[in-house]
2 protein chains.
Amino acid sequence: MTNSYKKSNTHCSDCSTKTCFVQQFCVTTWVGIINQSRNHSLYKKGQHIFREGDRVFGLYFIQRGKVKVVSTGLNGREQIVRLAADGHILGHRGFGSETYPVGAVAMEDTQVCFLDNATLEDVFINNPKFTYGLMMFYSTELRKTEVRLRCLAQMTLREKIAESLLTLKKIFGVNEEDGTLNVTLSRQEMADIAGTTAEQVTRELTNFENELLITKQGKKIVLLNADGLFNIIATHNVNKYFAV
Amino acid sequence: MTNSYKKSNTHCSDCSTKTCFVQQFCVTTWVGIINQSRNHSLYKKGQHIFREGDRVFGLYFIQRGKVKVVSTGLNGREQIVRLAADGHILGHRGFGSETYPVGAVAMEDTQVCFLDNATLEDVFINNPKFTYGLMMFYSTELRKTEVRLRCLAQMTLREKIAESLLTLKKIFGVNEEDGTLNVTLSRQEMADIAGTTAEQVTRELTNFENELLITKQGKKIVLLNADGLFNIIATHNVNKYFAV
DNA sequence: ATTGACTCCTGCGATAATGCAAGTTTCTTT
DNA sequence: AAAGAAACTTGCATTATCGCAGGAGTCAAT
């Protein structure tokens with residue numbers, strides 16, 4: 001937990017993460033101010049960025065990396081409620097309240113920027129577009145979460161796992177050359193997304209492989225036929241969610 | 001769909017719904033402006049306020065009533081993704097996008113106020129606290145939806161139905177005198193909340209009745225022992241969600 | 001009061017999903 | 001390269017949930 005916070009070499013205005021809210025929604029002078037105030041930090045794979053129950057001191061911005069947002073339930077069983085990549089925001093859930101209701105864990109080495117509450121207050125006041133952008137972000141996340149809620153409630157196991165694979169493709173993308181998913185996760189993590197058990201994930205991935213929908217290359221997964229996977233869930237009215 | 005929009009007799013500043021965002025977050029002069037711009041309208045029980053796929057023209061504020069927000073899936077099966085009462089906001093999901101990804105249906109006769117996009121733009125610019133308040137609203141909704149997501153993914157049938165009953169109590173409250181839930185819904189609607197079938201709801205409510213946790217008075221449900229219901233789901237770390 | 005429509009209740013067989021356990025592969029460390 | 005640990009796979013028995021179908025109760029209109 002003794003994480004070495006430090007200034008990044010890069011100035012916010014030179015940051016390569018163009019989807020960062022700071023660059024997108026803040027006026028020029030404020031990009032400079034924020035650059036001064038922010039803390040930059042690196043989290044190793046598997047490391048917690050924050051835990052459920054931690055006090056909320058501000059907002060995290062993912063500069064580069066992959067993060068899972070988890071909610072822990074019965075007997076420590078985890079549910080992944082969101083996946084986040086470059087430019088996404090973390091920690092907003094607890095924002096304004098006292099403690100985080102969810103935890104965030106780096107799925108690979110991840111660089112994040114942190115803005116404390118005091119700075120944020122100033123940013124909100126002086127950059128209305130930032131507040132507006134954040135509101136839109138929440139609205140979109142809410143919409144997506146509601147669709148996922150229905151998926152988990154109504155889909156069969158097979159459908160949930162197909163849906164998870166497509167979600168992973170959408171968020172992290174696939175390698176242009178060989179079609180492998182740009183993310184590596186354990187069977188248990190896939191189960192934590194789909195809301196099932198690791199054994200079931202194995203079974204269904206084997207089925208998908210036999211149906212030539214995917215290939216398993218060790219831990220890497222290749223989506224051979226994304227349209228075929230989508231057909232599995234097409235009757236569930238998830239089109240809007242995936243059509244972007 | 002030919003709903004008779006009309007001005008309400010009440011001025012916004014005299015409105016009894018004190019939790020309305022307009023009264024809470026807008027400066028005095030703007031309460032007047034909004035009062036001029038808004039449309040007021042009544043929806044009968046069962047009537048759609050908007051449907052999935054409708055164009056988004058603005059935001060709805062519930063003045064008085066009860067509304068279910070539904071997402072329709074396989075074979076028209078519905079999932080209730082949110083329940084809303086007095087002072088709550090509707091239609092925000094699609095806000096900024098083109099069409100509503102969910103529908104909203106009045107569960108009883110419901111009065112709503114409507115603000116169109118053009119007016120909202122002005123409100124956002126001139127009432128930063130309104131934008132901020134809306135952002136917080138989304139943030140809170142998102143948090144709640146995430147917890148519900150985990151509940152639907154991890155809980156047993158019995159637990160989901162106990163959770164649904166407690167959610168209903170929290171949102172709509174209970175009659176002080178006899179403890180009946182301040183809302184009447186069909187078995188199917190309860191199933192649409194819990195993510196199961198009407199038969200299972202019946203079975204489990206019968207179990208709860210035998211265990212003296214509830215009583216069924218026709219369509220009305222009396223929560224005899226809310227603590228007992230909570231015990232059923234206590235191991236799922238939902239405390240924060242219900243402790244308000 | 002009688003009818004009809006609707007919702008609710010309940011038993012039962014079919015199906016889906018789970019958990020365990022043993023075997024296999026893969027990865028890591030030395 | 002070998003050993004050990006961890007993750008993955010697979011079969012099987014158990015359990016949970018579903019869906020149908022028939023009966024019972026409720027409500028409203030005549």
Side-chain angles (χ1 to χ4, degrees), chain A residues 44-46 73-79 107-108 151-165 180-181 183-211 214-222 232-233 235-236, chain B residues 45-46 73-79 107-108 151-165 180-181 183-211 214-222 232-233 236:
Chain A
K44 292 275 180 193
K45 177 174 181 172
L74 189 56
N75 302 329
R77 182 176 161 191
E78 288 192 345
Q79 176 66 41
M107 298 171 75
E108 59 181 47
C151 289
L152 286 171
Q154 298 192 348
M155 282 182 175
T156 64
L157 194 88
R158 175 179 170 82
E159 291 163 342
K160 286 183 209 172
I161 294 174
E163 194 267 349
S164 299
L165 287 173
T180 55
L181 277 178
V183 63
T184 308
L185 18 69
S186 67
R187 297 288 178 267
Q188 186 56 56
E189 280 178 314
M190 280 224 56
D192 292 344
I193 297 172
T196 180
T197 60
E199 294 97 322
Q200 300 289 19
V201 172
T202 293
R203 278 187 259 268
E204 206 55 55
L205 289 184
T206 303
N207 291 342
F208 287 162
E209 193 162 35
N210 293 338
E211 298 169 40
I214 65 165
T215 311
K216 292 182 280 183
Q217 294 183 352
K219 283 205 162 192
K220 280 284 184 183
I221 294 174
V222 185
I232 293 173
I233 60 169
T235 52
H236 280 272
Chain B
K45 177 174 179 171
L74 190 55
N75 302 329
R77 181 175 161 192
E78 287 191 346
Q79 176 66 42
M107 299 171 74
E108 60 180 46
C151 289
L152 286 171
Q154 299 192 345
M155 283 181 173
T156 65
L157 193 86
R158 175 179 170 82
E159 291 164 343
K160 286 182 206 172
I161 294 173
E163 194 266 350
S164 299
L165 287 172
T180 55
L181 276 178
V183 64
T184 309
L185 19 70
S186 66
R187 296 289 178 268
Q188 186 57 55
E189 280 178 314
M190 281 224 54
D192 293 343
I193 297 171
T196 179
T197 60
E199 293 97 321
Q200 300 290 17
V201 171
T202 293
R203 280 186 257 266
E204 205 55 54
L205 289 183
T206 304
N207 290 343
F208 286 163
E209 193 162 36
N210 292 339
E211 298 169 42
I214 66 166
T215 312
K216 290 182 280 183
Q217 295 184 350
K219 283 206 163 193
K220 281 282 183 184
I221 294 173
V222 185
I232 293 173
I233 59 169
H236 281 272

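Source: prediction; values computed, not measured. In what follows, chains carry the letters A, B, and so on, assigned in the order in which the sequence lines appear, proteins first and then strands, with residues in each chain numbered from 1. For the numbers below, each heavy atom of this structure counts, side chains included, while hydrogens, waters and symmetry mates do not.
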Rounded to the nearest Å, what distance is computed from the CD atom of residue Gln217(A) to the C1' atom of nucleotide dC27(C)?
17 Å
Without decimals, in angstroms, what is the distance between Arg158(B) CZ and dT15(D) C1'?
16 Å
Lys216(B) vs dC9(C): side-chain N/O to OP1/OP2 distance below 4.0 Å:
yes
If you check every side-chain atom of Arg203(A), which of dA17(C), dC20(C), dT17(D) has the closest atom?
dC20(C)
What is the distance from CZ of Arg187(A) to P of dC27(C), rounded to the nearest Å?
11 Å
Round to the nearest Å and state the distance from Ile161(A) atom CD1 to dA17(C) atom C1'.
11 Å
Just how far, in rounded Å, is P of dA16(C) from CD of Glu204(A)?
11 Å
Assess, by modelled atom type and distance only, whether the side chains of Gln200(B) and Thr197(B) contain a donor and an acceptor separated by less than 3.5 Å.
no
Of the listed nucleotides dC8(C), dT17(D), dA21(C), the one nearest the side chain of Glu199(A)
dA21(C)
Distance from Thr196(B) atom OG1 to Leu152(B) atom CG, nearest 0.5 Å?
10.5 Å
Under 3.5 Å, is there a donor-acceptor pair between the Glu159(A) and His236(A) side chains?
yes
Mark yes when over 12 heavy atoms from residues, nucleotides or ligands other than Lys45(B) sit less than 6.0 Å from its NZ; otherwise mark no.
no
On DNA chain C, compare the nucleotides closest to Gln200(A) and Lys219(B); which residue's is nearer the 5' end?
Lys219(B)
Tell me: CZ of Arg77(B) to C1' of dG19(D), nearest whole Å?
12 Å
Using atom CG of Leu157(A) as one end and atom P of dT15(C) as the other, report the distance to the nearest whole Å.
17 Å
Listed nucleotide nearest any side-chain atom of Thr196(A), set dT18(C), dT17(D), dC9(C)
dT18(C)
Tell me the interatomic distance from Gln188(B), atom CD, to dT7(C), atom C1', rounded to whole angstroms.
11 Å
Thr206(A) side chain near dT10(D) phosphate (N/O to OP1/OP2, under 4.0 Å):
yes
Check every atom of dG19(C), dC18(D), dT17(D) against the side chain of Thr197(A) and return the nucleotide holding the closest atom.
dG19(C)
Donor-acceptor under 3.5 Å (Glu209(A) side chain, Thr215(A) main chain)
no
